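Nothing here was measured: the structure is a model prediction, and the numbers come from that model.
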Amino acid sequence: MTAQPAAGAPASAAGAPEPLLAIRDLEVTFQSRTSKVHAVRGASLALYAGRSLAIVGESGSGKSTTAHAVIGLLPAGGRVTGGSIRFEGRELAGASEKTLVALRGGGIGLVPQDPMSNLNPVYRVGAQIREALAANGIDASRSTYKALASLAAEDNIPDTPRGRLYLSATGRDALLAELAARGFAAEDLADALIVGFTTGIEVQALLMGLGVEDAAALAAKHVTGTSATDRVAGLLSEAGLSDAARRARQYPHEFSGGMRQRALIAMALAARPKLLIADEPTSALDVTVQRQILDHLGTLTRELGTAMLLITHDLGLAAERAEDLVVMYKGKVVESGPSLEVLTNPRHPYTQRLVEAAPSLASRRIQQAKELGLETAAGAEVLAVTGGAGAGTGPDGIGQAQLLEVRDVTKVFPLRGKRPWQRTDFKAVDGVSLTVRRGTTAALVGESGSGKSTIANMVLSLLEPTSGSIVFDGVDTAGLSRRQLFEFRSKVQPVFQDPYGSLDPAYSIYRIIEEPLRTHRVGNHQSREARVKELLDKVALPAATMRRYPNELSGGQRQRVAVARALALDPQMVVLDEAVSALDVLVQAQVLELLGQLQRDLGLTYLFITHDLAVVRQMADEVYVMERGRIVEQGPTDRVFERPEQAYTKALLEAIPGSSIDLGRG
């Protein structure tokens, strides 16, 4: 495909604009001892400076392989076997490792998908970002936006590289002190002055807004560059982390999944690359932080001419954030063009399937249908399949009796201070109360760090509440004996977010599913084997799967195995902690359909923990919205989505990818 060039794009000798990245007839092959796999077959695309292009497709379609071929980071056994990859006119296919290493960082940046495997667990997060700065030869005290480094006129701070220096911690304190001494309301600027992130130009603009006459001179006096420590904090702030200086001193295991992903984004942006490859950069993030990060990436693209190659399975996100779209299927480009055109008028059958399966777009279709007073076939099918919006209520009292009641629960964690003997209390959950009716789905939503997963762990009795009570089926779980707790765990089972990390790679699928049966001494070998086969059938996997191992299965198949294991002991409730957020849209749709069918067939009750409100719209009967450890809004799903009462809830809903897209109504 050929995207429209941005203004100012470099021109060829013939006068036609040259793309920043041009891929032609790319072939990527993986060779093992016994087989050869053609992962990418004849793929072509062009991306111009200042433009954004999204590659979408399911797992195994070749989208990430194409991106990794550009930066020379193909997995073992993979190599480019044909075609061309040109970056700024330089051929990268077959380039030396030295050439590719030199391009990484300042030329091409990468935001990988899995934050845990890409952060070193034994180093502090800040040290790893400083390493990225050093690897790219960046002097933090004189770090500038590269696209503006050639500006002159030393006496006018906005027109010089000096104006692009960052504010240091000492400079911020001195500036606020001088403003206070002059009688200005310095507190009005305190939140806007971010160490290692706010530049001299921005400081001058803020001072002018405050009415400071010598704003340029005052900015030049106090914005003289940062230390590496301050710049690291600034990069973390830029990526959306609050209290960045303290966070920089923490280790990856002290971060949530979303926070780890933001740290990777900070690393990728450290050297201000000309091309940013973002491989599922926000799949682990809640919608508001996702919007913040993508807004920032959009600003970077516009202001600095940075091009973005976005790899995603979310069509709503792709259409909102990328000007052009490439759809890949089985290693080939099957459709391409302007994003909205592809989204609203998909021509290839595979693209049509992706559009139909995308939760964000399904949520938008439901909303548009309700606004028009219609019941669309797509909306009716989604609700029927997933069991959402009250589908759990029915005959025989299903959905009427309370199965779970969380009463005024608080959880406090001690955090390590600056010194080993210092501790600070952190209240992760603050007086939360909620109920889940039998046979229904209650969704607990909120940003990363809001406390929703902590509640899930307390419901599962993996954590003890600091105060309050959790009552399951009329019994307070805090008073359970060791034997009663063992029995309780057969009634409440979890399905976790990561289908790759939640299954033991050394166990066969049979042993993984059979383990809870053996642990709880259910049946004999023959009956347990029959039960494993029955469970595999329930989750639509063939019986032969039980002889395989997790590394032989796709992400969607692994998550089906996790569901089968959770159902082994016939639980009354399943706690689904981000159970579909790591899956591509087609597999996600299949797993949601499976969960809805199992709920109808078995009368299951779900506590659905998620940051994806588009999925909530399809799945949940009741919604609880969490912010900073508290429930700030609750109610039936339709009411919360159509008439949200809190500004925080409205912000979450507005941040759903695709929420602004008109899908062809009227």
Side-chain angles (χ1 to χ4, degrees), residues 3 18-30 39-40 43-57 61-115 117-119 128-129 131-138 146 261 263-283 297 300-301 304-312 322 324 326 328 331 333:
E18 286 282 356
L20 179 70
L21 174 69
I23 298 176
R24 295 287 181 268
D25 301 321
L26 180 64
E27 303 276 344
V28 178
T29 304
F30 286 86
V40 178
S44 297
L45 60 86
L47 176 58
Y48 290 83
R51 299 282 293 186
S52 55
L53 183 148
I55 306 179
V56 299
S61 63
K63 58 186 188 297
S64 291
T65 300
T66 299
H68 291 164
V70 171
I71 201 169
L73 292 177
L74 289 171
R79 63 189 184 93
V80 175
T81 52
S84 170
I85 304 171
R86 298 186 70 83
F87 177 72
E88 292 189 307
R90 301 167 61 186
E91 182 60 61
L92 300 186
S96 67
E97 181 67 14
K98 182 178 180 180
T99 298
L100 293 172
V101 168
L103 277 176
R104 295 171 193 155
I108 304 175
L110 173 67
V111 182
Q113 179 176 1
D114 182 8
S117 63
N118 287 283
L119 289 173
Q128 297 183 59
I129 298 175
E131 185 179 35
L133 290 168
N136 287 283
I138 294 175
K146 291 190 174 185
Q261 193 72 327
L264 289 177
I265 289 169
M267 290 182 195
L269 297 179
R272 301 304 189 208
K274 298 176 183 177
L275 169 64
L276 183 68
I277 298 174
D279 190 359
E280 299 282 6
T282 57
S283 60
L297 294 179
L300 189 67
T301 300
L304 303 182
T306 299
M308 180 167 65
L309 183 62
L310 176 64
I311 312 299
T312 182
D324 301 291
V326 168
M328 293 191 70
V333 173

Just to verify, what does [X] make a side-chain contact (heavy atoms from CB on, under 4.5 Å) with, not counting sequence neighbours?
X: E88; value: L20, K274
X: A266; value: I129, L235, L236, A239
X: R90; value: T99, L103

Restricting to non-hydrogen atoms, name the atom on [X] and the atom on [Y] that form the minimum distance, rounded to 0.1 Å.
X: Q261; Y: E280; result: NE2-O, 3.4 Å
X: A46; Y: P19; result: CB-CB, 4.2 Å
X: A307; Y: A49; result: CB-CA, 4.3 Å
X: R51; Y: D324; result: NH2-OD2, 2.9 Å
X: L45; Y: R24; result: O-NH1, 3.3 Å
X: L276; Y: L110; result: CD1-N, 4.3 Å

Just by modelled atom types, is the [Y] backbone N or O under 3.5 Å from a matching donor or acceptor in the [X] side chain?
X: T306; Y: P273; answer: yes
X: T312; Y: V56; answer: no
X: K63; Y: G57; answer: yes

**OP:** Might you work through the side-chain contact (heavy atoms from CB on, under 4.5 Å) test for L275 and L47, ending with a clear yes or no?
**Re:** CA-CA 9 Å; L275 169 64; L47 176 58; 3.7 Å; yes
Original post:
Do S52 and L310 come within less than 4.5 Å of each other through their side chains, counting heavy atoms only?
Top reply: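 They are not in contact (no side-chain heavy atoms under 4.5 Å apart), so the answer is no.
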Subject >> Test log, rule side-chain contact (heavy atoms from CB on, under 4.5 Å), inputs N118 and Q128 >> reply: CA-CA 10 Å; N118 287 283; Q128 297 183 59; over 6 Å; no
Original post:
Which distance, rounded to the nearest 0.5 Å, do you find between the CD1 of I311 and the CD1 of I277?
Top reply: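 Going from the CD1 atom of I311 to the CD1 atom of I277 covers 7.5 Å.
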Original post:
Rounded to the nearest 0.5 Å, how far apart are CG of L21 and CG of L53?
Top reply: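 Those atoms lie 9.0 Å apart.
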Original post:
Which pairs with one or both residues in residues 98-112 pass salt bridge (charged side-chain N to carboxylate O under 4.0 Å, His left out), sequence neighbours excluded?
Top reply: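 Non-adjacent pairs meeting salt bridge (charged side-chain N to carboxylate O under 4.0 Å, His left out): E97-R104.
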Original post:
Could you give all pairs that pass the salt bridge (charged side-chain N to carboxylate O under 4.0 Å, His left out) test and reach residues 71-86, with sequence neighbours left out?
Top reply: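 As it turns out, the salt bridge (charged side-chain N to carboxylate O under 4.0 Å, His left out) pairs with a partner in residues 71-86, which skip direct neighbours, are R86-E91.
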Donor-acceptor list for residues 65-78 side chains, cut-off 3.5 Å, not counting sequence neighbours:
{"residue": "T66", "atom": "OG1", "partner": "G62", "partner atom": "O", "Å": "2.8"}
{"residue": "H68", "atom": "NE2", "partner": "D279", "partner atom": "OD2", "Å": "3.4"}

Original post:
Among all residues two or more places apart in sequence or in another chain, which pass the side chain to side chain donor-acceptor pair (under 3.5 Å) test with E27?
Top reply: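 With neighbours one apart ignored, the set is empty.
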